[in-house]
Amino acid sequence: MNTDFLTTLNPPQKEAVTTTDGPIMVIAGAGSGKTHVLTCRIAYMLEYGNEAGEKVDSFDILALTFTNKAAKEMRERIEKMVGTEARNIWMGTFHSIFSRILRVQAEKIGYSRDFTIYDQEDAQGLVKTILKELKIDEKVFKPNYIHNRISMAKNMLVSASEYEQYVRDEWSEKTHQVYKIYEQRLKSANAMDFDDLLIKPLELFKNNPDVLAQYQERFRYILVDEYQDTNHAQYMITRYLAHKHENITVVGDDAQSIYSFRGANIQNILNFNKDYPQAKIIKLEQNYRSTPNILAVANDVIQKNKDQIQKTVWTANQEGEKVTVIRSLTEQDEANRVADIIRSSRYELNLALKDFVILYRTNAQSRAIEEGLRKVGIPARVIGGMSFYQRKEIKDLIAYFRVTLNDNDEVALKRIINYPTRGIGDATVEKIMQAASVSKNTLWQVLNNIEQYIPNSRISGAVQDFATMIQHFREYNETHDAYETAKYIVHQCGLFKELKSDTSPEGVSRIENIQELLNAIKFFTDDATRSDKSLSFFLQEVSLLTNADLSPDEDAVTLMTIHTAKGLEFPVVFVVGVEEDLFPSKSSLNSRSELEEERRLFYVAVTRAKKRLFLSYSEQRYRFGNISDSTASRFIKEINPELLNLEGKASQIIRKHEKNHQEYLQKNLHYTTKSMLSTQKAVLPKEDFNGEFIPCNPADLQVGMQVRHEKFGKGKITGLEGIGGNQKAHVFFNAVGNKTLLLKYAKLMIVQE
DNA sequence: CCGTTACTCGTTTTT
DNA sequence: CGAGTAACGG
């Protein structure tokens, strides 16, 4: 190990690294080398031991990070310093670490270890189902609002029954009603939502002192990064675990607390020394990232906030340029100007495209920017928004995996029971749910013995077939790894066939996405360092992925929300849409604390920049399809004007570098973005049929006959099925391909050869 | 039962 | 403008 690393640290950094024992709070200003300190600290403990001179075992360290990516990077850096010992450290997000622990301890809290994790969409879907069942108007009581209230309650450790005491209006009353059933349904689905991954460990610890003692002993050294964004449940977890040894280090910056909307409590960091009166507080105030100008802008704005820990972030870095404020007329204009500046300054500063980032307040803003970059041929990578694993086709396939592994997964089951369509409609699903709830049996039992619960039903055959198919998947999975099982399911469940028949650009891209998921699973199964190659384990990992975790390494400009950019740095940063009502967001103007959070968000945005920073606003912006006027954000007005350059000199620089850009385009002509895929629908070719349309008697139809349909034109019957009113014909139409028609309604005319 | 069409309503931010 | 839902016709 390189023993010189201590000399690379400034005095407070060194203190943060070498003070190994007892409670410590490190206030790490933006760009103060926090990650470096954390890595050195862990390496130091492993290499030199604690203050008593004992070596610290890598298995005894628990490090909680904000994203899985941060954990991965830190682990790699530690491994470079101390070797493979680094692999034993428990390092990851709260959610991933405790889902791991809950798998092992599942039986103790009444779950089985194959429990499913419901993401936001799944959880909201369940709330919606419950609202429907309770006949509560979901137009008024929106599922996402109700779910949000439930989630907040769970974060605050208020159970469904305890929630009753907070009922004071119609909203809280309905929330209470739904909350109770929501919890039951999660339980009977053997599922946990994101909040449960933090609450259930507390339940486990409370009811099993021996288990708590075991983990307290194991995690002798606890480290929590981004402590300013922990919520109450996370706070309680750390208190429980640290209670015995009190070797807890929390690292954070109150000025960067930006997640209160999901329950983060800034008081956790502001009150740390009340919880641990003997705590040592170390402030890292020297910034190594940004120019003095950029830092001055950040400080100007943040000092308007009342609630904060006193600190002075400063830098010894070289004087840079002024911060440029870009003012545009429209959002297209804004996008064009950003694109222009990128294509000129990349040559002027000799930067790669991935050195540029464009940050915005809301995901919806990415479109205009993407379009502007695409026009001049600059590749862009949009992080977040609809991420890969949230796409419909991916979620559909994953729902098949989920049902295969956990047959009580209600949400996943509903999603796939009739997709691709197999004749089990809403009405039938409703009946099945009813039967399960009345008989107090699981959904799976009902499905498997459908005749017993819903006798003489028309659709029992279809339901039985579905159940048998899932049963096959389950058996196959027992003897195969994740990739083999996934491939088997894709081809057997009908999804692949369904998508293959769709030849539109979106259909093709869906097939590609399915293929990409299979590749990801293959990559997972081929990973030699993994011991568990089951589909179950793959799913567990996938459900906890975050935006920041997906990082293909092509050279492209990055677009993301400011929230996603937390913890990152870029040579050149554009903050776009710095307008009143957008940033600060309109909905934050009701309270001082919400406005202060917006200001912290602005602080985070500004402090991502190393060399150059642009703040951009437009005088007009599309909102809900209408153009509306906007003005510069109050945050811009809070900056000392001397730090700002109000007019960029974009145009001259562009002319100077236009030739370089043209050469670049020549070399990269193949470049396209996904957003270029057109969404146009297939247009039916006009047919030269002018005769009178006379529908035939369905009984006269035979396989192989040429027929004509009023809308679809000419086709050939490829199959007939069903009897009486339920008779269907499969017809291959020249214009639109295969269709299944219910002959009760569809009129066909026999074409005489 | 299924697909198409007409309307409504919304944007914070995410593990 | 676009996603998502209700209503309807085949």
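In this text the structure is predicted, and so the values were computed from the model without any measurement. Every chain is numbered from 1 and lettered A, B, ... according to where its sequence line falls, protein lines coming before strand lines.
Rounded to an integer number of Å, the gap from F261(A) CZ to dT11(B) C1' is 13 Å. As a whole-Å value, the separation of Y145(A) OH from dG10(B) C1' is 8 Å. At whole-Å resolution of the value, CG in N148(A) and P in dT15(B) are 15 Å apart. Rounded to an integer number of Å, the gap from R422(A) CZ to dC2(B) P is 11 Å. Atom NZ of K392(A) and atom P of dA3(C) are 14 Å apart (whole Å). Distance N144(A) CG to dT14(B) P: 15 Å, rounded to the nearest Å. Counting to the nearest Å, the P atom of dT13(B) and the CG atom of L359(A) are 14 Å from each other. The CZ-P distance, from R621(A) to dG10(B), rounds to 21 Å in whole Å.
In this structure, T428(A) reaches the sugar-phosphate backbone alone: every heavy-atom distance under 4.0 Å involves primed, P, OP1 or OP2 atoms, never a base. Within the nucleic acid shown, S587(A) comes within 4.0 Å of at least one base atom, counting heavy atoms only. Across all strands shown, N363(A) has heavy atoms under 4.0 Å from sugar-phosphate atoms exclusively, and none from any base. Using a 4.0 Å heavy-atom criterion, one finds that T421(A) contacts the sugar-phosphate atoms exclusively. Among the atoms of the strands shown, none is found under 4.0 Å from any heavy atom of E597(A). Among the heavy atoms of the strands, none lies under 4.0 Å from F94(A).
Of all heavy-atom pairs spanning L589(A) and L595(A), the tightest one is CD2-CD1, 4.1 Å. The heavy-atom pair separating R415(A) from K392(A) by the smallest distance is NH2-O, 3.5 Å. The two residues D196(A) and A191(A) make their nearest non-hydrogen contact at OD2-O, 4.4 Å. Nearest heavy atoms, M152(A) versus S260(A): CE-O, 3.7 Å.
Note on R367(A): a side-chain N or O is less than 4.0 Å away from OP1 or OP2 of dG2(C). The side chain of N418(A) places an N or O atom within less than 4.0 Å of a non-bridging phosphate oxygen (OP1 or OP2) of dC2(B). For K142(A) and dG10(B), the shortest distance from a side-chain N or O to OP1 or OP2 is below 4.0 Å. OP1 or OP2 of dT5(C) lies within a sub-4.0 Å distance of a side-chain N or O belonging to K128(A). A sub-4.0 Å separation between OP1 or OP2 of dT15(B) and a side-chain N or O of S99(A) is absent. Between S96(A) and dT15(B), a side-chain N or O to OP1/OP2 separation shorter than 4.0 Å is absent.
Stacking between Y622(A) and dC1(C) is absent: the aromatic ring centre is not both under 5.5 angstrom from the base six-membered ring centre and within 30 degrees in plane angle.
Donor-acceptor pairing under 3.5 Å is recorded for the side chains of Q228(A) and E226(A).
For the pair T421(A) (side chain) and N418(A) (backbone), a donor-acceptor distance under 3.5 Å is absent. S618(A) places no side-chain N or O within donor-acceptor distance of the main-chain N or O of R621(A), the cut-off being under 3.5 Å.
Between the C1' atoms of dA6(C) and dT11(B), the separation comes to 24 Å (whole Å).
Heavy-atom distances to DNA chain B give each of I424(A) and H563(A) a nearest nucleotide, and the one nearer the 5′ end belongs to I424(A). Heavy-atom distances to DNA chain B give each of K139(A) and S585(A) a nearest nucleotide, and the one nearer the 5′ end belongs to K139(A).
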Can you give the dot-bracket line for DNA chain B, where a pair is Watson-Crick or G-U wobble with both atom distances under 3.5 Å, crossing pairs use [ ], and | marks a partner on another strand? ||||||||||.....
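For M433(A), the CE atom sits in a packed shell: over 12 heavy atoms of surrounding residues, nucleotides or ligands are nearer than 6.0 Å.
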